[in-house]
Structures are given as C-alpha cells and as structure tokens.
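Some notes on the structure that comes next.
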Amino acid sequence: MATKNKSYTEIWLKDPRDSNYPAARDYLDLLFSGEKPVKIVQRLKKCDTILKKAKDILRASELPLLPPDNIHVKDNIEKVNSGIKLSPVLLVRSHKLIIADGYHRVCSIYYLSEDLDIPCRITYM
C-alpha cells in the first residue's frame, strides 16, 4: 500500500491523458444538453492543474466512496503500488462538485490515504 510519505508526483502524471477528455465529455453529455459539455471540456483543457485532498473531493461531490473491492478501484491501487502513474481528475463546479472523469481514481487514493493530494483540473459549468 502507498503511504502518506509518497508524494503526489510519484503517483500522478503531470497532465491528464488525452483519453480523459472524451470520457469527461461523454459523462457530461448525460448531465447537460447542447454544446455545454464540449465547452466545459474545452475549458478543462486550458485549466491549470491544482492539488486537492481525496476526502475533500468526495465531500464536495457528495458521491459515495466506492468499495475497495470495486474492480476499477483495485486496479488503480495496484497501479500506484506498481509505480504506474495515474491521470489527474477532471472536475466541474456546479451546485455540487461534478467528477467528470476520475471518480475511481479519487476513491482509490482515498483508500491509500484520504490526505494524499490529487492533481485536478477544475472549471465551472
């Protein structure tokens, strides 16, 4: 298991993978109509990456913590323990925080330590 002593640079890529943006748009298409998802993703691509704690992202999103035996959560924990870096998460400010891409990664890091920093790109609706 990773520890609090592991720095976020050992766990995370500097920038999101290109494949994360279409995934975010697909999710946002379920929430918003028209060109709104496309515009949100365009803003996410231009955002600076900031750091937030796993516990704070989950609280602000009001999403439940996925169980540790969830296949994607387990897979991400194994990646971290193997030294494979994860992609930063993509967030949208709304009446509650929307995790447009990276929910499983947030939950995985929470199990490693809820106080670990998670790199995020965050924009508004």
Side-chain angles (χ1 to χ4, degrees):
M1 278 261 174
T3 66
K4 287 183 184 182
N5 296 334
K6 215 170 205 190
S7 85
Y8 76 93
T9 58
E10 294 175 85
I11 297 172
W12 299 97
L13 296 170
K14 181 181 175 199
D15 295 307
R17 289 184 173 91
D18 290 339
S19 61
N20 296 129
Y21 296 106
R25 196 190 79 222
D26 286 345
Y27 179 72
L28 294 169
D29 276 336
L30 297 171
L31 302 175
F32 308 108
S33 61
E35 289 297 309
K36 190 166 221 138
V38 172
K39 291 179 182 189
I40 292 170
V41 169
Q42 287 171 346
R43 286 195 305 272
L44 284 167
K45 288 179 179 181
K46 296 176 185 174
C47 288
D48 290 331
T49 302
I50 61 170
L51 300 175
K52 294 294 179 188
K53 304 279 185 221
K55 63 184 176 185
D56 295 332
I57 294 170
L58 280 176
R59 285 176 54 212
S61 71
E62 299 179 10
L63 291 170
L65 176 62
L66 294 171
D69 61 350
N70 174 285
I71 188 72
H72 302 292
V73 171
K74 282 174 52 176
D75 183 53
N76 284 321
I77 291 171
E78 288 174 13
K79 285 179 182 177
V80 169
N81 289 332
S82 298
I84 299 169
K85 293 185 178 187
L86 304 177
S87 186
V89 300
L90 302 175
L91 307 173
V92 181
R93 286 189 177 106
S94 184
H95 64 283
K96 64 180 177 179
L97 186 68
I98 298 169
I99 302 176
D101 184 71
Y103 180 35
H104 295 99
R105 295 188 297 276
V106 171
C107 293
S108 301
I109 294 304
Y110 187 95
Y111 283 112
L112 297 174
S113 172
E114 66 184 35
D115 289 318
L116 282 173
D117 286 322
I118 295 179
C120 318
R121 298 261 175 115
I122 186 167
T123 191
Y124 57 91
M125 251 184 27

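We're numbering straight along the sequence, starting at 1. Note: hydrogens, waters and symmetry copies are ignored here, and every other heavy atom, side chains too, is used. Not measured: the values here are computed from a predicted model.
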Can you tell me how far the [atom1] atom of [X] sits from the [atom2] atom of [Y], to the nearest 0.5 Å?
X: D15; Y: D48; atom1: CG; atom2: CG; answer: 10.0 Å
X: K55; Y: S113; atom1: NZ; atom2: OG; answer: 8.5 Å
X: I11; Y: N81; atom1: CD1; atom2: CG; answer: 9.0 Å
X: W12; Y: I109; atom1: CH2; atom2: CD1; answer: 4.5 Å

Under the ring-ring contact (aromatic ring centres under 6.0 Å, His included) rule, what pairs show up with a residue in [range], not counting sequence neighbours?
range: residues 21-54; answer: none
range: residues 48-67; answer: none
range: residues 46-69; answer: none

List, one per line, each side-chain donor-acceptor pair under 3.5 Å for residues 85-101, sequence neighbours excluded.
residue: K85; atom: NZ; partner: T9; partner atom: O; Å: 2.9
residue: S87; atom: OG; partner: R17; partner atom: N; Å: 3.0
residue: S87; atom: OG; partner: N20; partner atom: OD1; Å: 2.4
residue: D101; atom: OD2; partner: N20; partner atom: ND2; Å: 2.9
residue: D101; atom: OD2; partner: R105; partner atom: NH2; Å: 2.7

- Message: Test: side-chain hydrogen bond (donor to acceptor under 3.5 Å, both in side chains). Region: residues 34-43. Which pairs qualify, not counting sequence neighbours?
- Response: R43-T123
The criterion is side chain to side chain contact (heavy atoms under 4.5 Å, CB included); which residues satisfy it with [X], sequence neighbours excluded?
X: E78; value: none
X: D75; value: K79
X: D26; value: D29

- Item | Shared hydrophobic cluster, V38 / L44 (ILVMFWY, side-chain heavy atoms < 4.5 Å) | no
- Message: According to salt bridge (charged side-chain N to carboxylate O under 4.0 Å, His left out), who are the partners of K45, at least two apart in sequence or on a separate chain?
- Response: none
- Query: salt bridge (charged side-chain N to carboxylate O under 4.0 Å, His left out) with K53: which residues, sequence neighbours excluded?
  - Reply: D117
Under 3.5 Å, which donor-acceptor pairs link side chains of residues 59-70 to any protein atom two or more places apart or in another chain?
residue: S61; atom: OG; partner: I57; partner atom: O; Å: 3.2
residue: S61; atom: OG; partner: L58; partner atom: O; Å: 3.0
residue: S61; atom: OG; partner: L63; partner atom: N; Å: 3.2
residue: N70; atom: OD1; partner: H72; partner atom: N; Å: 2.8
residue: N70; atom: OD1; partner: V73; partner atom: N; Å: 3.1

- Task: Tell me, please, which residues at least two apart from Y110 pass side-chain hydrogen bond (donor to acceptor under 3.5 Å, both in side chains).
- Result: E114
